[in-house]
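Before any comments, here is the structure.
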Protein chains: 2
Amino acid sequence: MKKTSDTLILEEFLPFRLSRLSESISLKFAQHYKREYGMTRPEWRALAALGQLGTLTSTQICQHSNMHKTKVSRAVQSLSKRGWLIRKRDDSDRRVEYLQLSAIGLRRYSKLVELAQQFQNELLSTMSPSAISTVNKALLILENLELNKD
Amino acid sequence: MKKTSDTLILEEFLPFRLSRLSESISLKFAQHYKREYGMTRPEWRALAALGQLGTLTSTQICQHSNMHKTKVSRAVQSLSKRGWLIRKRDDSDRRVEYLQLSAIGLRRYSKLVELAQQFQNELLSTMSPSAISTVNKALLILENLELNKD
DNA sequence: AATCAATGGTTACAATTGTAACTTAATTCA
DNA sequence: TGAATTAAGTTACAATTGTAACCATTGATT
């Protein structure tokens, strides 16, 4: 016999809390790169993944950032059109395409890294060291739920 | 002089971690009510807010769940068309409209509450009590950031 | 009272998104 | 070999979304 009640306290419901938080924080951060670089969220995410990890395929970007493959496909097209990344076919498996930031892409990337670090510093600067550590532990716990595996 | 590095570790970047988590958890949960009740995310959120808090205006739903007002407007219209909620104009200020679940709406609501609680129980069942407490503390910390105030 | 600004809520339109179908290429296995 | 699956990535189309403009009403200022 599971205990349940007839109302759901949203303030205690994990999916609600997470999406409320994530939407307000991500939106806030998105304003920066949207205004300054005219980038969309999927574009920023793809750029950030390539900047950090070097050469990746679209599929790898999907897996790493949990984005739908059509989103990634479009973001990659757009970055490629602006000349921020270079596509190179794999010769042994001609379905896959390796993606890599171009020189321009790298310059944009480092600007955006600065912006991101500044943003995060501002967030963290209002938190005590122990609060930061608690948040970190919690995120690790959530990231290791079965749900988020494989 | 702020210390920065030339790459951003996404696994340490708060907006990234939160949205990756939130998207995968919310999506997983959305599958349930989408499949069983044909509801969208904004509809579920509006329903859940009304079920928990009783009578609300659209604006209050926006504030509570951090949704865009057009999203709320459409969700409310849709719930109203299905007869799950009742709209009542305020007589002293005829711009505002009070929203309240109907009898049918309440029945759907309690079904969904059960679903939600089961979902959350499954999530929590894989976590130790101290892990749960860490997650709770962390979410409270994040929810109280300036960003999420007012 | 008359104008002007602000608020609750809706809607038109354009942009973004997801679903499903598709193309091309590789793999399996009969 | 060759038919049947599977994978990477794109695209057409429909659904969802956000932006901005819009009503209707109220509140503030004169």
Side-chain angles (χ1 to χ4, degrees), chain A residues 19-20 22-24 26-31 33-35 37-46 49-50 55-81 85-100 150, chain B residues 19-20 22-24 26-31 33-35 37-46 49-50 55-81 85-100 150:
Chain A
S19 59
R20 206 173 42 158
S22 148
E23 273 154 38
S24 70
S26 289
L27 207 70
K28 184 92 177 185
F29 180 54
Q31 291 176 341
Y33 55 75
K34 195 166 196 178
R35 187 163 40 72
Y37 299 92
M39 294 180 80
T40 67
R41 210 135 83 79
E43 280 161 26
W44 150 248
R45 289 234 220 159
L50 290 168
T55 301
L56 294 173
T57 67
S58 287
T59 305
Q60 287 174 319
I61 296 179
C62 288
Q63 288 160 351
H64 180 261
S65 50
N66 233 202
M67 284 196 289
H68 196 244
K69 64 180 182 170
T70 59
K71 250 187 198 168
V72 172
S73 171
R74 284 153 184 156
V76 165
Q77 276 177 334
S78 153
L79 292 174
S80 159
K81 257 179 213 143
L85 66 75
I86 294 154
R87 318 165 83 131
K88 201 167 358 173
R89 280 245 165 266
D90 180 348
D91 288 321
S92 71
D93 183 343
R94 308 191 1 76
R95 289 170 305 182
V96 326
E97 213 172 34
Y98 296 112
L99 309 168
Q100 194 178 357
D150 57 38
Chain B
S19 59
R20 205 173 43 158
S22 147
E23 272 154 38
S24 70
S26 289
L27 206 70
K28 184 93 177 184
F29 179 55
Q31 290 175 342
Y33 55 75
K34 196 168 197 176
R35 188 163 38 73
Y37 299 93
M39 293 181 80
T40 66
R41 211 135 81 78
E43 280 163 26
W44 150 248
R45 288 234 221 160
L50 289 168
T55 301
L56 293 173
T57 67
S58 287
T59 306
Q60 288 174 317
I61 296 179
C62 288
Q63 289 160 349
H64 181 261
S65 50
N66 232 201
M67 284 197 289
H68 192 112
K69 64 179 181 169
T70 60
K71 249 187 197 168
V72 172
S73 171
R74 284 154 184 156
V76 165
Q77 277 178 334
S78 153
L79 293 174
S80 158
K81 257 179 213 142
L85 65 75
I86 293 154
R87 316 165 84 132
K88 200 166 2 173
R89 282 245 164 266
D90 180 348
D91 288 320
S92 70
D93 183 344
R94 308 191 1 76
R95 288 170 305 184
V96 326
E97 214 172 33
Y98 296 113
L99 308 168
Q100 195 178 357
D150 59 37

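Sequence lines set the chain letters: A, B, ... in the order given, protein chains first and strands last, and positions in each chain run from 1.
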Quiz item: Any side-chain heavy atom of A:S80 within less than 4.5 Å of one from A:R87?
Solution: yes
Exercise. Go through C:dT11, D:dG18, D:dT16 for me and flag the one nearest to the B:K71 side chain.
Key: D:dG18
Practice problem: For B:K34 and C:dT19, give me the distance from atom NZ to atom C1', rounded to whole Å. | Solution: 9 Å
Exercise. Starting at atom CD of B:E43, determine the distance to atom P of D:dA15, rounded to an integer number of angstrom.
Key: 14 Å
Exercise. Please work out if B:R41 contacts a base, only the sugar-phosphate, or nothing of the nucleic acid, heavy-atom cut-off 4.0 Å.
Key: nothing
Exercise. Any chance you could measure A:Q60, atom CD, to A:L50, atom CG, to the nearest 0.5 Å?
Key: 9.5 Å
Practice problem: Could you check which of C:dT17, D:dT25, D:dT17 has an atom nearest any side-chain atom of B:P42? | Solution: D:dT17
Self-check item: Minimum heavy-atom distance between A:S58 and A:V72, given as atom pair plus value
Solution: O-CG1, 3.8 Å
Practice problem: Go through C:dT19, D:dT11, C:dT10 for me and flag the one nearest to the A:Q77 side chain. | Solution: D:dT11
Quiz item: D:dA7 phosphate, OP1 or OP2: any side-chain N/O from A:T59 under 4.0 angstrom?
Solution: no
Quiz item: On a plain distance test, is the side chain of B:R95 in donor-acceptor contact with the base of C:dT7 below 3.5 Å?
Solution: yes
Self-check item: Side chain of B:E97 - closest among C:dG9, D:dT25, D:dG9
Solution: C:dG9
Quiz item: Rounding to a whole Å, what distance do you find between B:R35:CZ and C:dT19:P?
Solution: 14 Å
Quiz item: Applying the side chain to side chain donor-acceptor pair (under 3.5 Å) test to A:Y98, which of A:T55, A:T57, A:D90 qualifies?
Solution: A:D90
Quiz prompt | Among C:dT19, D:dT19, C:dG9, the nucleotide that comes nearest once only the side chain of A:H68 is considered | solution = C:dT19
Self-check item: Basic-acidic side-chain contact under 4.0 Å: B:K71, A:E23
Solution: no
Practice problem: Would you mind reporting whether B:P42 and B:R74 have side-chain heavy atoms less than 4.5 Å apart? | Solution: no
Quiz item: A:K69 NZ to C:dA20 P: how many Å, rounded?
Solution: 12 Å
Self-check item: Out of D:dT25, D:dT11, D:dG18, whichever nucleotide has its closest atom nearest the side chain of B:D93
Solution: D:dT25
Practice problem: Select one nucleotide: of D:dG9, D:dT19, C:dG9, the one nearest the side-chain heavy atoms of A:T57. | Solution: D:dG9
Exercise. Specify the separation, in whole Å, of atom CG of B:L56 and atom C1' of C:dG9.
Key: 15 Å
Quiz item: Between C:dA25, C:dA20, D:dA24, which one does the side chain of A:T70 approach most closely?
Solution: C:dA20
Practice problem: Starting at atom NZ of B:K81, determine the distance to atom P of C:dT10, rounded to an integer number of angstrom. | Solution: 11 Å
Quiz item: Does a side-chain N or O from A:R94 land closer than 4.0 Å to OP1 or OP2 of C:dA25, or not?
Solution: yes
Self-check item: N/O (side chain, A:R87) to phosphate O (OP1/OP2, D:dT10) under 4.0 Å
Solution: yes
Quiz item: For A:S73 and D:dT10, is the shortest distance between a side-chain N/O and OP1 or OP2 below 4.0 Å?
Solution: yes
Exercise. Using whole Å, report how far CE of A:M39 lies from C1' of C:dA15.
Key: 17 Å
Exercise. Starting at atom CD of B:Q60, determine the distance to atom C1' of C:dT7, rounded to an integer number of angstrom.
Key: 14 Å
Quiz item: From the list D:dG18, C:dA25, C:dA6, which nucleotide is the closest neighbour of the side chain of B:R74?
Solution: D:dG18
Practice problem: Check every strand shown and say whether B:S78 touches a base, only sugar-phosphate, or nothing at a heavy-atom separation below 4.0 Å. | Solution: nothing
